[in-house]
Peer 1: 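Before I ask anything, let me first share the structure, which is written out below as structure tokens.
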Protein chains: 2
Amino acid sequence: MSSRRDAVHDTLRQSEGFRSAQDVYAEMRQTGAKIGLTTVYRALQALADHGKVDVLRNDDGESVYRACATGEHHHHLVCRRCGHTVEVAGPDVERWAETVGAEHGFTEVTHTVEVFGTCSSCSTPVGAG
Amino acid sequence: MSSRRDAVHDTLRQSEGFRSAQDVYAEMRQTGAKIGLTTVYRALQALADHGKVDVLRNDDGESVYRACATGEHHHHLVCRRCGHTVEVAGPDVERWAETVGAEHGFTEVTHTVEVFGTCSSCSTPVGAG
DNA sequence: CCGGGAAATGAAAATGGTTGTCAAAATCGC
DNA sequence: GCGATTTTGACAACCATTTTCATTTCCCGG
Ligand SMILES: [Zn+2]
Ligand SMILES: [Zn+2]
Ligand SMILES: [Zn+2]
Ligand SMILES: [Zn+2]
């Protein structure tokens with residue numbers, strides 16, 4: 001229905017890592033797209049609600065979004081330098097979370113798991129001769 | 001040095017779960033403490049910087065703090081209803097995070113892991129009996 | 001006890017991401 | 001074409017957090 005929402009989704013698909021609403025907005029405007037910030041926020045929220053994109057909070061507390069390849073439950077390995085993101089599965093972690101919750105009598109157990117690091121490209125020594 | 005910082009720390013110790021700066025401030029004022037909101041923010045940040053309290057972001061993006069029993073690396077099992085928090089260890093998760101990072105050539109790997117659920121007290125049926 | 005300088009404090013203003021408002025514009029159904 | 005419905009986006013409102021800056025407190029030598 002919404003060409004704007006699709007445009008937002010497309011913009012996100014072109015990005016490798018997680019992007020904030022403001023990022024997406026700026027990029028779309030830069031490429032000549034005619035869209036308002038409010039609409040970008042709404043599109044992003046709608047996409048997240050529909051499970052079309054993943055959302056998490058960065059260190060600044062901003063919501064950042066990413067169009068992941070899979071709709072399955074997964075987590076992320078994110079380069080804190082360049083933002084390069086790898087989707088990773090962790091069956092052990094899934095089990096662990098469930099177990100830990102059950103051990104303490106918790107139900108409806110969910111979890112958040114994110115892994116950060118410096119990717120190989122970014123960890124290549126710059127000053128090494 | 002700072003009696004204020006100690007007061008903030010004490011207030012946090014009296015809380016079972018994670019509390020926001022505004023929460024702590026409100027509670028301290030309620031109990032008659034003479035302190036400003038700015039100072040509460042600063043004390044909380046300082047305590048977090050010194051590893052004296054744990055900090056994470058709640059669903060609203062607010063920073064929430066907790067005075068944990070151990071200074072060791074650990075994670076949390078949090079009741080999303082009453083905030084009841086259990087400190088949990090997850091050696092398997094620690095290993096998994098390292099492994100996943102290494103497999104993809106990432107270095108300086110860190111992670112965030114939080115488990116949420118409904119604690120036994122909160123999951124007791126209310127209308128039953 | 002006195003004074004100066006550094007550190008701590010907090011009221012008020014600024015910041016900034018996000019959400020709410022609401023009128024205009026686009027779309028739909030007929 | 002036309003009214004009903006949805007979408008859009010400029011702008012204002014929100015609200016947690018930060019910054020500012022003048023005042024207060026603390027520390028310490030004299
Ligand atoms: Zn990188
Ligand atoms: Zn998982
Ligand atoms: Zn509970
Ligand atoms: Zn860990």
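Computation of the quantities below employed the complete heavy-atom set of this structure, encompassing side-chain atoms and omitting hydrogens, waters and symmetry-equivalent molecules. Naming convention: chains lettered A, B, ... in sequence-line order (proteins, then strands); numbering from 1 in each chain.
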Peer 1: Does B:Glu87 pair with B:Arg66 as a salt bridge, N-O distance under 4.0 Å?
Peer 2: yes
Peer 1: Once you measure the plane-to-plane angle for B:His84 and A:Phe106, does it fall in the parallel (<30°), tilted (30-60°) or perpendicular (>60°) bin?
Peer 2: parallel
Peer 1: If two hydrophobic side chains count as joined below 4.5 Å and joins carry through other members, does B:Tyr25 share a cluster with B:Val53?
Peer 2: yes
Peer 1: Side chains of B:Thr110 and A:Arg80: do they bring a donor and an acceptor to under 3.5 Å?
Peer 2: yes
Peer 1: According to a 4.5 Å side-chain heavy-atom criterion applied to Ile, Leu, Val, Met, Phe, Trp and Tyr, with indirect links allowed, do A:Leu37 and A:Val24 form part of one hydrophobic cluster?
Peer 2: yes
Peer 1: Kindly state which residues belonging to residues 26-43 of chain B come within less than 4.0 angstrom of DNA chain C, counting heavy atoms of the residue only, listed by number.
Peer 2: B:Lys34, B:Ile35, B:Gly36, B:Thr38, B:Thr39, B:Arg42
Peer 1: Can you check the A:Asp23 CG to C:dG16 C1' distance for me, whole Å?
Peer 2: 14 Å
Peer 1: Where along residues 57-66 of chain A does a heavy atom fall under 4.0 Å from DNA chain C?
Peer 2: A:Glu62, A:Ser63
Peer 1: Rounding to a whole Å, what distance do you find between A:Arg4:CZ and D:dA10:C1'?
Peer 2: 14 Å
Peer 1: Using the side-chain heavy atoms of A:Gln45, tell me which of these nucleotides is nearest: C:dG17, C:dT19, D:dT17.
Peer 2: C:dT19
Peer 1: A:Tyr25 has an atom OH; how far is it from atom C1' of D:dC11, in whole Å?
Peer 2: 12 Å
Peer 1: Looking only at side-chain N and O atoms, does B:Arg13 offer a donor or acceptor that is under 3.5 Å from a partner on B:His9?
Peer 2: yes
Peer 1: Go through the side-chain N and O atoms of B:Glu98 and B:His111 and say whether any donor and acceptor fall under 3.5 Å apart.
Peer 2: no
Peer 1: Whole-Å distance between C:dT18 C1' and A:Leu44 CG?
Peer 2: 12 Å
Peer 1: Same cluster or not: are A:Val55 and A:Val113 linked, directly or through other Ile, Leu, Val, Met, Phe, Trp or Tyr residues, by side-chain heavy atoms under 4.5 angstrom apart?
Peer 2: no
